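This one's a predicted model, so the numbers in the text were calculated from it and none came from an experiment. Worth knowing before you read on, the calculation uses all heavy atoms, side chains too, and leaves out hydrogens, waters and symmetry mates.
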Amino acid sequence: MFVWIAVAVGLIVGSFLNALLFRFNTGKSVMRGRSACMHCGHELSALDLVPVFSFIFLRGHCRYCRAKISWQYPLVEATAAALAGLIFLQHQEPLLFAYWFLVWMTLLFIVVYDLRHQIIPWSASLTLLALALVYAFLMGTWWGALLGVPLLLLSLVSGGRWMGWGDGFLEISLGLLLGLTAGLTALFVAFWSGALIGVVLLLVSKNRYTMRSEVPFAPFLILGCAVAYFLHVDIFSYLPLLF
């Protein structure tokens, strides 16, 4: 029963995250003002704002002007709900659940914002770093911060062209949250998945993507974090098989 309560909380927070993502750095407050259609400006009723279900019921269109509603809304809400359920299965103690839920909602915000704008807001980076420092202080995972150094060096050498500064600071936080070995696993997953997706994009979208195209790396770093955190994958456990 409690896992479904966690999922419901995830749906609600996912809806809030959508509002934050669309209003961030626009001068609009996420705490004031009624939600409205981005196309016709009509204020939305409570029935229009039920996470995921309103999108399905309205078939992805505004009730008032029939404009298409972005798929970001149900995807973010459903992802937040799934993350909440998975976190609860790992951490049923309220404080631990609340902590990791906040961490993963921050990571979800970073993923979506980076995909939309190809930049990680410093406010999100600093929020995640503060959370990670608390965890490192309690659990002693300080060595994991070293994993961000190579990414920062890539940013420095390339002037931010090969790797963004935000990616380096993100990896420092992920290293503190995961520890050195799990963090290194996440980094390997990030580079390999990023390379694979890069090749696929070059093959299927030759007119849009080239070798010089910029692809956000934060989503791959966070994918690697999810693999290490939720699936407990550790590449070092496979090393004896190679020798």
S.K.: When hydrophobic residues are tied together by side-chain contacts of less than 4.5 Å, even through go-betweens, does Ile12 share a cluster with Trp4?
M.R.: no
S.K.: What's the separation between atom OH in Tyr73 and atom OG in Ser15, rounded to the nearest 0.5 Å?
M.R.: 9.0 Å
S.K.: Please say yes or no: joined through hydrophobic side-chain contacts below 4.5 Å, possibly via intermediate residues, are Leu49 and Phe53 part of one cluster?
M.R.: no
S.K.: Indicate the atoms forming the closest heavy-atom contact of Gly85 with Val7, along with that distance.
M.R.: CA-CG2, 4.0 Å
S.K.: Does anything in residues 136-156 pair up under ring pair (Phe, Tyr, Trp, His ring centres under 6.0 Å), and if so which pairs, sequence neighbours excluded?
M.R.: none
S.K.: If you look only at pairs with a residue in residues 89-108, which of them pass as a side-chain hydrogen bond (donor to acceptor under 3.5 Å, both in side chains), with sequence neighbours excluded?
M.R.: Gln90-His232, His91-Tyr229
S.K.: When rounded to the nearest 0.5 angstrom, what is the spacing between CG in Leu128 and CE in Met105?
M.R.: 12.5 Å
S.K.: At what distance, to the nearest 0.5 angstrom, does CG of Leu147 lie from CG of Leu152?
M.R.: 11.0 Å
S.K.: Going through the checks in order, is the side-chain contact (heavy atoms from CB on, under 4.5 Å) test met by Trp71 and Phe55?
M.R.: CA-CA 9 Å; Trp71 274 92; Phe55 183 89; 3.8 Å; yes
S.K.: Output the distance between atom CE (Met139) and atom CG (Leu177), rounded to the nearest 0.5 Å.
M.R.: 11.5 Å
S.K.: Honestly curious: do Leu156 and Leu154 fall in one hydrophobic cluster under the side-chain, below-4.5 Å linking rule?
M.R.: yes
S.K.: Cluster question for you: counting only ILVMFWY and a side-chain heavy-atom cut-off of under 4.5 Å, with indirect links fine, are Ile222 and Phe230 together?
M.R.: yes
S.K.: Looking at Leu170, Leu83, Val112, Leu102, which hits side chain to side chain contact (heavy atoms under 4.5 Å, CB included) with Leu107?
M.R.: Leu170
S.K.: Please tell me if the side chains of Leu184 and Phe188 come closer than 4.5 Å, counting only heavy atoms from C-beta onward.
M.R.: yes
S.K.: Give the minimum heavy-atom separation between His61 and Arg59, together with the two atoms involved.
M.R.: ND1-O, 2.8 Å
S.K.: Nearest 0.5 angstrom please: Cys62 SG to Leu44 CG, how far?
M.R.: 6.5 Å
S.K.: Identify the two heavy atoms, one from Pro121 and one from Phe24, that lie closest to each other, and give their separation to 0.1 Å.
M.R.: CB-CE2, 3.6 Å
S.K.: Take the angle between the ring planes of Phe109 and Tyr113 and call it parallel below 30°, perpendicular above 60°, tilted in between.
M.R.: parallel
S.K.: For a quick test of reading the model, state the closest non-hydrogen atom pair linking Val227 to Val189 and the distance between them.
M.R.: CG2-CG1, 4.1 Å
S.K.: Is it true that a side-chain atom of Asp114 and a backbone atom of Pro216 form a donor plus acceptor pair closer than 3.5 Å?
M.R.: no
S.K.: Is Leu17 close to Glu77 at the side-chain level, that is, under 4.5 Å between some pair of heavy atoms?
M.R.: no
S.K.: For residues Ala190 and Phe217, report the shortest heavy-atom separation together with the two atoms involved.
M.R.: O-CE1, 3.7 Å
S.K.: Assign the ring pair Phe101 / Phe97 to parallel, tilted or perpendicular, where the plane angle (0 to 90°) is split at 30° and 60°.
M.R.: parallel
S.K.: Test of understanding: with side chain to side chain donor-acceptor pair (under 3.5 Å), list the residues that count as partners of Ser193, not counting sequence neighbours.
M.R.: none
S.K.: Search all heavy atoms of Ala6 against all heavy atoms of Ala84 and return the closest pair with its distance.
M.R.: O-CB, 3.1 Å
S.K.: Report yes if the side chains of Leu115 and Pro219 come closer than 4.5 Å at any heavy-atom pair, otherwise no.
M.R.: yes
S.K.: Given the rule in the side-chain contact (heavy atoms from CB on, under 4.5 Å) test, do Ser125 and Ser173 qualify, once you have shown the distances and angles that lead to the verdict?
M.R.: CA-CA 8 Å; Ser125 292; Ser173 296; over 6 Å; no
S.K.: Does a side-chain heavy-atom distance below 4.5 Å link Ile87 with Leu96?
M.R.: no
S.K.: Starting from Phe16, can I reach Val52 by hopping between I/L/V/M/F/W/Y residues whose side chains sit under 4.5 Å apart?
M.R.: no
S.K.: Ile172 versus Leu146: any side-chain heavy-atom pair under 4.5 Å?
M.R.: no
S.K.: With the side chain counted from C-beta on, respond yes when Asp167 and Ser155 share a heavy-atom pair under 4.5 Å apart, and no when they do not.
M.R.: no
S.K.: May I ask you to check whether Ser45 and Asp48 show a side-chain donor-acceptor distance below 3.5 Å?
M.R.: yes
S.K.: Side chains of Phe22 and Ser70: does their closest heavy-atom pair fall under 4.5 Å?
M.R.: yes
S.K.: For the CG atom of Leu129 and the CZ atom of Phe169, what is their distance to the nearest 0.5 Å?
M.R.: 8.5 Å
S.K.: Pair Leu180, Thr141 - check side-chain contact (heavy atoms from CB on, under 4.5 Å), show working.
M.R.: CA-CA 7 Å; Leu180 187 59; Thr141 55; over 6 Å; no
